[in-house]
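Every value quoted in this text rests on a predicted model; they were computed, and no experiment measured them.
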2 protein chains.
Amino acid sequence: MRKQEMPPAIPAAGEGKRGEEGYLGYLLRQAAGAYRLRVERALDEFGVTQPQFATLTILSAYPGISNADLARLAVLTPQTVSVIVGNLERAGSLVRKPHAVHGRIQHLDLSDSGRALLKKCRERVQKLERELTAGLSANEERAVRRWLVSVAMAGATG
Amino acid sequence: MRKQEMPPAIPAAGEGKRGEEGYLGYLLRQAAGAYRLRVERALDEFGVTQPQFATLTILSAYPGISNADLARLAVLTPQTVSVIVGNLERAGSLVRKPHAVHGRIQHLDLSDSGRALLKKCRERVQKLERELTAGLSANEERAVRRWLVSVAMAGATG
DNA sequence: AACAAAATATAAGAGCTCTGATATCATGCG
DNA sequence: CGCATGATATCAGAGCTCTTATATTTTGTT
């Protein structure tokens with residue numbers, strides 16, 4: 001396949017601009033896309049996407065949270081979260097408790113089936129998570145974590 | 001806002017699970033999302049998205065590439081790239097040269113306006129790119145780059 | 001009490017991305 | 001030559017994500 005291109009000659013993955021000399025933003029996008037794909041493949045059996053898994057996880061840690069707070073936690077817009085929550089509700093993984101003390105806010109909580117689903121997903125994903133740190137020394141992992149957090153928070157209002 | 005939640009107490013950005021102790025995959029997704037948003041804000045004036053900018057950049061480095069090779073380079077599916085290319089063509093930033101020596105393959109190339117657009121976008125993005133490395137030592141930057149490449153390539157066929 | 005401001009939720013429209021399916025073209029094998 | 005295989009391109013359907021806009025509720029000001 002792809003016999004002989006005269007021009008620049010397309011590099012293999014991990015070489016040239018595709019490798020460690022490439023733009024950091026480009027590498028970041030590639031890494032996130034590749035990992036998202038691996039997560040969704042691992043969770044395909046359960047029909048759960050990576051954003052859904054993240055939402056279930058947050059909901060498990062902070063039950064009763066509102067859509068708006070969920071969006072803040074996930075660094076997403078409320079509209080985006082509303083779509084994800086809608087799909088999860090349709091699948092029966094979470095329930096909305098519409099009213100509350102306040103009128104407009106809806107509290108979100110995992111259903112029993114949602115909790116069971118999260119447990120199964122978590123096992124799969126933790127395997128991938130371990131692979132993520134496999135080749136890193138303790139120092140390197142710390143540097144990577146610090147960097148990821150700083151990138152996520154740059155330009156944030158808080 | 002959000003006066004007193006009894007339960008776990010929602011952490012501020014960069015703290016607890018949202019910070020350096022969180023899941024690496026979660027941090028990766030947040031960082032990529034936040035950076036993509038910054039890029040698209042910076043390029044909003046030109047109506048160019050991050051994937052479109054990446055496509056223009058690749059096309060500039062490898063003119064005459066096919067949709068399929070472009071997909072391989074970008075670690076995306078051919079269908080995804082086809083959508084992006086379609087939007088860029090509609091905007092007049094690239095041209096398809098349908099035929100070739102082979103019959104089915106379409107060669108892609110930047111138009112003059114596409115080249116001018118890329119130049120303007122590149123200036124904006126390079127500013128963000130520099131911010132990405134601001135707090136990193138040379139050693140740390142090397143570790144981050146190596147890690148991103150390894151994540152992007154894990155599970156790849158070749 | 002009345003109005004303004006802020007927060008919450010949702011809808012509409014657009015782009016990105018996947019999977020699965022379909023059509024075209026090239027090459028290799030009989 | 002005829003058919004199978006593989007590569008390329010595209011369509012259809014689904015989910016994620018953004019922006020912009022709208023409706024409802026709560027809160028603060030007058």
Side-chain angles (χ1 to χ4, degrees), chain A residues 1-3 29-30 32-56 65-72 74-91 93 96-108, chain B residues 1-3 29-30 32-55 65-72 74-91 93 96-108 157:
Chain A
M1 72 202 72
R2 202 172 0 140
K3 317 199 158 157
R29 176 166 159 271
Q30 275 194 358
Y35 185 69
R36 171 181 49 73
L37 190 52
R38 290 209 287 283
V39 169
E40 291 182 2
R41 289 251 171 82
L43 265 35
D44 180 69
E45 180 186 334
F46 309 125
V48 174
T49 66
Q50 193 198 23
Q52 287 174 356
F53 174 68
T55 299
L56 292 175
I65 198 174
S66 72
N67 194 327
D69 275 344
L70 184 49
R72 281 186 275 269
V75 191
L76 295 172
T77 60
Q79 293 91 328
T80 296
V81 171
S82 186
V83 171
I84 301 171
V85 165
N87 286 330
L88 284 174
E89 186 187 31
R90 187 148 39 80
S93 298
R96 287 171 154 113
K97 301 192 216 156
H99 122 300
V101 178
H102 299 254
R104 181 98 182 120
I105 302 176
Q106 295 188 339
H107 287 207
L108 304 174
Chain B
M1 77 207 67
R2 201 170 2 137
K3 320 205 155 148
R29 175 167 161 272
Q30 275 194 359
Y35 185 68
R36 171 180 50 72
L37 190 53
R38 290 207 289 282
V39 169
E40 293 184 359
R41 290 251 171 81
L43 267 35
D44 181 68
E45 180 186 334
F46 310 125
V48 173
T49 67
Q50 191 197 26
Q52 287 174 356
F53 174 68
T55 299
I65 199 174
S66 72
N67 194 327
D69 276 344
L70 184 49
R72 279 187 275 270
V75 190
L76 296 171
T77 60
Q79 293 93 324
T80 296
V81 171
S82 186
V83 171
I84 302 171
V85 165
N87 286 330
L88 285 174
E89 186 187 30
R90 188 150 39 81
S93 298
R96 285 171 156 114
K97 301 191 214 155
H99 125 297
V101 178
H102 298 255
R104 182 96 181 121
I105 302 175
Q106 295 188 341
H107 287 208
L108 304 174
T157 357

For nucleotides 9-17 of chain D, give me one character per nucleotide, 5' to 3': B if any protein heavy atom sits under 4.0 Å from the base, S if the only such contacts are to the sugar-phosphate, - if neither. BBB---SSB

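By the side chain to side chain contact (heavy atoms under 4.5 Å, CB included) test, B:Ala68 pairs with B:Ser66, B:Arg72, sequence neighbours left out. By the side chain to side chain contact (heavy atoms under 4.5 Å, CB included) test, A:Arg41 pairs with A:Leu37, sequence neighbours left out. The side-chain hydrogen bond (donor to acceptor under 3.5 Å, both in side chains) search around A:Asn87 returns A:Arg90, not counting sequence neighbours. A:Gln79 is linked by a side-chain hydrogen bond (donor to acceptor under 3.5 Å, both in side chains) to nothing, counting only residues two or more places apart in sequence or in another chain.
For the pair B:Asp44 CG and C:dA14 C1', the interatomic distance rounds to 13 Å; values are reported in whole Å.
Contact check, A:Arg72 against C:dT8: a side-chain N or O comes under 4.0 Å of OP1 or OP2.
Applying the side-chain hydrogen bond (donor to acceptor under 3.5 Å, both in side chains) test to pairs two or more places apart or on separate chains, those with a residue in residues 42-53 of chain B are B:Glu45-B:Arg124.
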